[in-house]
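Note that ligands are numbered from 1 as they come in the structure, with each ligand's atoms numbered from 1 the same way. What you see is a predicted model; the values in this text were computed from it and never measured.
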Amino acid sequence: MIVGVLAFQGDFSEHIAVLHSMHVPAIEVRSLSDLSKVGALIIPGGESTVIAKFLEETEVGKEIIKRIQRGSTDPQPLFVYGTCAGAIVLSKKVTGKNAPRSLGIIDITIDRNAYGTQLESFETEIRVKGISGKIPVSFIRAPKITRVGKDVEILAEHGGIPVLVRQGRVLVGTFHPEVRADARVHQLFLEMTRV
Ligand code: GLN
């Protein structure tokens, strides 16, 4: 299976680097034709307003929704992992200033820039269900998950707030594991695809 990283904007090259370090075939996704080649897609951090605009203009967003809705009846079922801005564009509801139109494929509400400005960005370590040890992560102008639907599983929390959640084939995290080059959350995502 080839893993795609949405490459309209944001830190897609860091995700590609983590995937390559794991010897996973990875490509940059910018079009419907790129998307048709992948069975898993990572939506990186960046500016959710910009990423949302490209998702709409290229119709890649519509195709992601379609493939997630088709589920296992899709010839190549799609799995999606969104980090930070990627989490925002996948959420059912986005609050906060200049909230972008999101794809609504995970039943959570997310509050954009809720931790504050760039100055309030921070690094920490978190524990993730199913992974042993602590994972070093960065929160960079991160959003906060403020509501989690009943079918959504919480895999990690920080300060009592969910920071990594999963619903079916969709995984969403408000932190960046890729900037610290730790591959364990990517590993967890890839394990999800081996159902
Ligand atoms: N603040 C950004 C946004 O709302 C997300 C930041 C990030 O992806 N690191 O789009």
Side-chain angles (χ1 to χ4, degrees), residues 3-19 26 28-30 40-58 60-61 64-65 79-126 128 135-148 152 154-159 161-167 170-186 188-189:
V3 179
V5 182
L6 196 73
F8 294 135
Q9 191 267 334
D11 75 334
F12 52 89
S13 5
E14 283 81 352
H15 284 283
I16 297 265
V18 173
L19 293 167
E28 294 178 1
V29 170
R30 292 189 183 84
L41 179 73
I42 295 176
I43 306 187
E47 272 304 314
S48 52
T49 48
V50 177
I51 296 173
K53 186 170 151 273
F54 279 113
L55 280 169
E56 192 165 339
E57 279 175 13
T58 57
V60 166
I64 294 172
I65 297 173
F79 291 80
V80 186
Y81 169 31
T83 63
C84 210
I88 297 173
V89 301
L90 293 172
S91 298
K92 187 156 187 185
K93 188 165 177 208
V94 185
T95 55
K97 222 167 121 194
N98 298 326
R101 181 115 69 90
S102 57
L103 303 182
I105 58 172
I106 183 161
D107 186 17
I108 60 172
T109 301
I110 202 158
D111 192 14
R112 187 170 180 242
N113 293 333
Y115 286 96
T117 66
Q118 191 68 39
L119 292 176
E120 272 88 37
S121 296
F122 59 99
E123 297 192 331
T124 186
E125 291 184 320
I126 58 164
V128 174
I135 303 182
V137 296
S138 306
F139 285 83
I140 306 169
R141 286 178 61 227
K144 261 184 202 168
I145 297 172
T146 53
R147 183 196 60 89
V148 169
V152 177
I154 299 174
L155 300 176
E157 288 185 339
H158 179 262
I161 295 163
V163 294
L164 185 68
V165 298
R166 175 187 176 179
Q167 182 176 12
V170 185
L171 178 70
V172 150
T174 53
F175 56 84
H176 294 257
E178 74 289 356
V179 297
R180 312 281 287 276
D182 190 301
R184 284 175 290 172
V185 181
H186 292 75
L188 179 95
F189 175 53

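- Phe8 places none of its side-chain heavy atoms less than 4.5 Å from the side chain of Glu28.
- Using a 4.0 Å cut-off between a side-chain N of Lys or Arg and a carboxylate O of Asp or Glu, Arg141 and Glu47 qualify as a salt bridge.
- The protein residues lying under 4.0 angstrom from ligand 1, judged by non-hydrogen atoms, are Gly45, Gly46, Glu47, Ser48, Cys84, Ala85, Ile88, Arg112, Asn113, Ile140, Arg141, His176.
- Residues Val170 and Phe79 form no side-chain contact, since every pair of their non-hydrogen atoms from C-beta on lies 4.5 Å or further apart.
- A donor-acceptor pair shorter than 3.5 Å cannot be found between the side chains of Thr95 and Arg112.
- Residues that satisfy the side-chain contact (heavy atoms from CB on, under 4.5 Å) test with Arg147, not counting sequence neighbours, are Lys92, Asp107, Thr109.
- For the side-chain contact (heavy atoms from CB on, under 4.5 Å) test with Val80, the passing option among Ile42, Leu103, Leu90, Leu6 is Leu90; the others fail.
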